A.B. asks: 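Mind looking over this structure? Questions follow.
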There are 2 protein chains.
Amino acid sequence: MKLDRIDIKILYELQKNGRITNVELAELVHLSPSPCLMRVKRLQSEGYIEGYSAQINIGKLGQTLTVFTEITLKNHRQVDFARFLAIVEKIDQVIECHLVSGGYDYLMKFVTAGIAEYQTIMERLTDMDIGIDKYFSFVVLKSPIVKAHMPLPSLFPR
Amino acid sequence: MKLDRIDIKILYELQKNGRITNVELAELVHLSPSPCLMRVKRLQSEGYIEGYSAQINIGKLGQTLTVFTEITLKNHRQVDFARFLAIVEKIDQVIECHLVSGGYDYLMKFVTAGIAEYQTIMERLTDMDIGIDKYFSFVVLKSPIVKAHMPLPSLFPR
DNA sequence: ACCGAAGCAGAATTTTATTCCGTACGTCCG
DNA sequence: CGGACGTACGGAATAAAATTCTGCTTCGGT
């Protein structure tokens with residue numbers, strides 16, 4: 001299924017405001033409510049929209065610590081990656097895990113209650129003999145930019 | 001203003017499904033619709049909820065490239081950081097920018113149309129004499145884990 | 001130019017959000 | 001210890017929104 005300019009606009013607007021009403025969205029994309037809703041449903045059912053989420057100001061809830069971690073595995077067979085992922089998938093504090101090129105295998109993002117909890121998690125991971133060769137931690141001091149939306153206009157201009 | 005257990009539950013549920021109806025949310029947190037809605041509005045107006053966003057499967061739209069970049073500045077006065085941020089804030093492809101401890105100053109996340117666009121952006125940034133000493137790029141090959149929600153239950157148990 | 005399919009607008013219906021009001025509970029002060 | 005006030009709740013009524021349905025228009029293919 002191919003997306004036209006209106007679909008891209010819908011995705012862009014829903015990224016900026018996931019709770020916009022269908023009527024307002026319809027006005028923004030210059031459609032009446034019914035075809036607009038039809039497109040949104042289609043975008044959902046075909047997987048272009050994976051879900052909706054509230055953005056929480058986690059800092060207001062209490063002290064938290066965000067850490068980026070570069071990880072290198074000892075071996076690089078498929079089974080080694082699979083075993084590693086199977087474990088980290090179960091850890092709530094793992095927010096992102098990226099397979100990257102350049103010096104390390106994985107770049108991960110943790111959100112924890114503090115340095116102690118992070119330390120505990122990393123000790124558990126290394127002790128488990130899950131195949132971690134070495135890792136390096138970047139503790140986040142401040143996050144001046146955190147966007148919830150992708151640059152759709154840059155990626156798909158017109 | 002202090003949050004009780006119900007507020008935390010509301011935040012958690014809205015993270016998982018930002019478009020849940022107020023009636024369903026009320027049932028999940030064992031309240032009737034009206035006080036539930038009142039709490040949601042309060043969480044919004046007091047900044048605990050910063051907004052709502054649709055999660056887009058960007059990979060289905062076309063080819064994109066995600067890159068994490070470690071950046072070190074030449075100088076570390078307040079004015080140096082401020083100048084750097086003022087520039088990168090304007091770049092649509094910059095999704096995140098974190099001030100980190102450990103080897104580098106900033107860890108940034110870019111989403112671009114491809115390696116060429118990324119290259120162009122980095123050339124522009126380095127040519128600008130914006131104070132970048134050196135940088136190192138991690139090209140993302142795959143992102144097995146990308147969560148839209150923070151681990152609220154781990155951070156605020158009970 | 002005709003036929004068929006697809007997408008649209010507008011109205012009707014159903015569902016949901018929102019407001020309003022009366023009640024209960026907890027707290028503070030007399 | 002008791003009363004009054006403030007806060008939060010539940011339920012009903014109203015307003016708004018989503019959703020469905022119908023008929024029309026446009027576009028593509030023959």
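These numbers come from a predicted model, not from an experiment.
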A.B. asks: In whole angstrom, give the distance that lies between atom CE of A:M38 and atom C1' of C:dC8.
C.D. replies: 8 Å
A.B. asks: Hey, can you tell me if A:F84 and A:Y106 have their rings parallel, tilted or perpendicular (30° and 60° cut-offs)?
C.D. replies: parallel
A.B. asks: With sequence neighbours excluded, tell me which residues meet side-chain hydrogen bond (donor to acceptor under 3.5 Å, both in side chains) with B:Q119.
C.D. replies: B:E123
A.B. asks: Identify whether B:L61 and A:I6 are in the same connected component of the hydrophobic contact network (ILVMFWY, side-chain heavy atoms under 4.5 Å).
C.D. replies: yes
A.B. asks: Starting from C1' on C:dA17, measure out to CG on B:L25 and report it in whole angstrom.
C.D. replies: 13 Å
A.B. asks: Under the salt bridge (Lys or Arg N to Asp or Glu O under 4.0 Å) rule, collect the residues that match up with B:D133, sequence neighbours excluded.
C.D. replies: none
A.B. asks: Partners of A:Y52 by ring-ring contact (aromatic ring centres under 6.0 Å, His included), sequence neighbours excluded?
C.D. replies: none
A.B. asks: Does A:I87 share a hydrophobic cluster with A:I121, counting links as ILVMFWY side-chain heavy atoms below 4.5 Å and allowing steps through other members?
C.D. replies: yes
A.B. asks: Sequence neighbours left out, what passes salt bridge (Lys or Arg N to Asp or Glu O under 4.0 Å) with B:K74? Give chain and number order.
C.D. replies: B:D129
A.B. asks: Rounded to the nearest Å, what distance is computed from the CD1 atom of residue A:I6 to the C1' atom of nucleotide C:dC8?
C.D. replies: 10 Å
A.B. asks: Below 3.5 Å, can you tabulate the donor-acceptor pairs from side chains in residues 137-153 of chain A to any protein atom, sequence neighbours excluded?
C.D. replies:
| residue | atom | partner | partner atom | Å |
| --- | --- | --- | --- | --- |
| A:S137 | OG | A:Y118 | OH | 2.7 |
| A:S143 | OG | B:H98 | ND1 | 2.7 |
| A:K147 | NZ | B:I91 | O | 3.2 |
| A:K147 | NZ | B:V94 | O | 2.8 |

A.B. asks: Tell me, for nucleotides 17-23 of chain D in 5' to 3' order, what letter each nucleotide earns: B for a base near a protein heavy atom under 4.0 Å, S for only sugar-phosphate near one, - for neither?
C.D. replies: SSBB---
A.B. asks: I'd like to check the side-chain hydrogen bond (donor to acceptor under 3.5 Å, both in side chains) partners of B:D127; sequence neighbours left out, ordered by chain and number.
C.D. replies: none
A.B. asks: Decide whether A:L107 and B:L65 are clustered together by the hydrophobic rule: side chain heavy atoms of Ile, Leu, Val, Met, Phe, Trp, Tyr closer than 4.5 Å, transitively.
C.D. replies: no
A.B. asks: Between B:R39 and D:dA8, is there a contact of a side-chain N or O with OP1 or OP2 at under 4.0 Å?
C.D. replies: no
A.B. asks: Contacts to DNA chain D from residues 10-17 of chain A, heavy-atom cutoff under 4.0 Å, which residues?
C.D. replies: none
A.B. asks: B:E50: what forms a side-chain hydrogen bond (donor to acceptor under 3.5 Å, both in side chains) with it, not counting sequence neighbours?
C.D. replies: A:N57
A.B. asks: Do A:F68 and B:Y135 sit in one hydrophobic cluster, given that two such residues count as connected whenever their side-chain heavy atoms are within less than 4.5 Å of each other, even indirectly?
C.D. replies: no
A.B. asks: Which residues pass the side-chain hydrogen bond (donor to acceptor under 3.5 Å, both in side chains) test with A:N22, not counting sequence neighbours?
C.D. replies: none
A.B. asks: Over its full length, what angle do the end axes of the helix from C:dA1-D:dT30 to C:dG30-D:dC1 make, each axis taken from five pairs and the result rounded to 10 degrees?
C.D. replies: 30°
A.B. asks: So which protein nitrogen or oxygen atoms get under 3.5 Å of nucleotides 25-27 of chain D's nitrogens or oxygens?
C.D. replies:
none

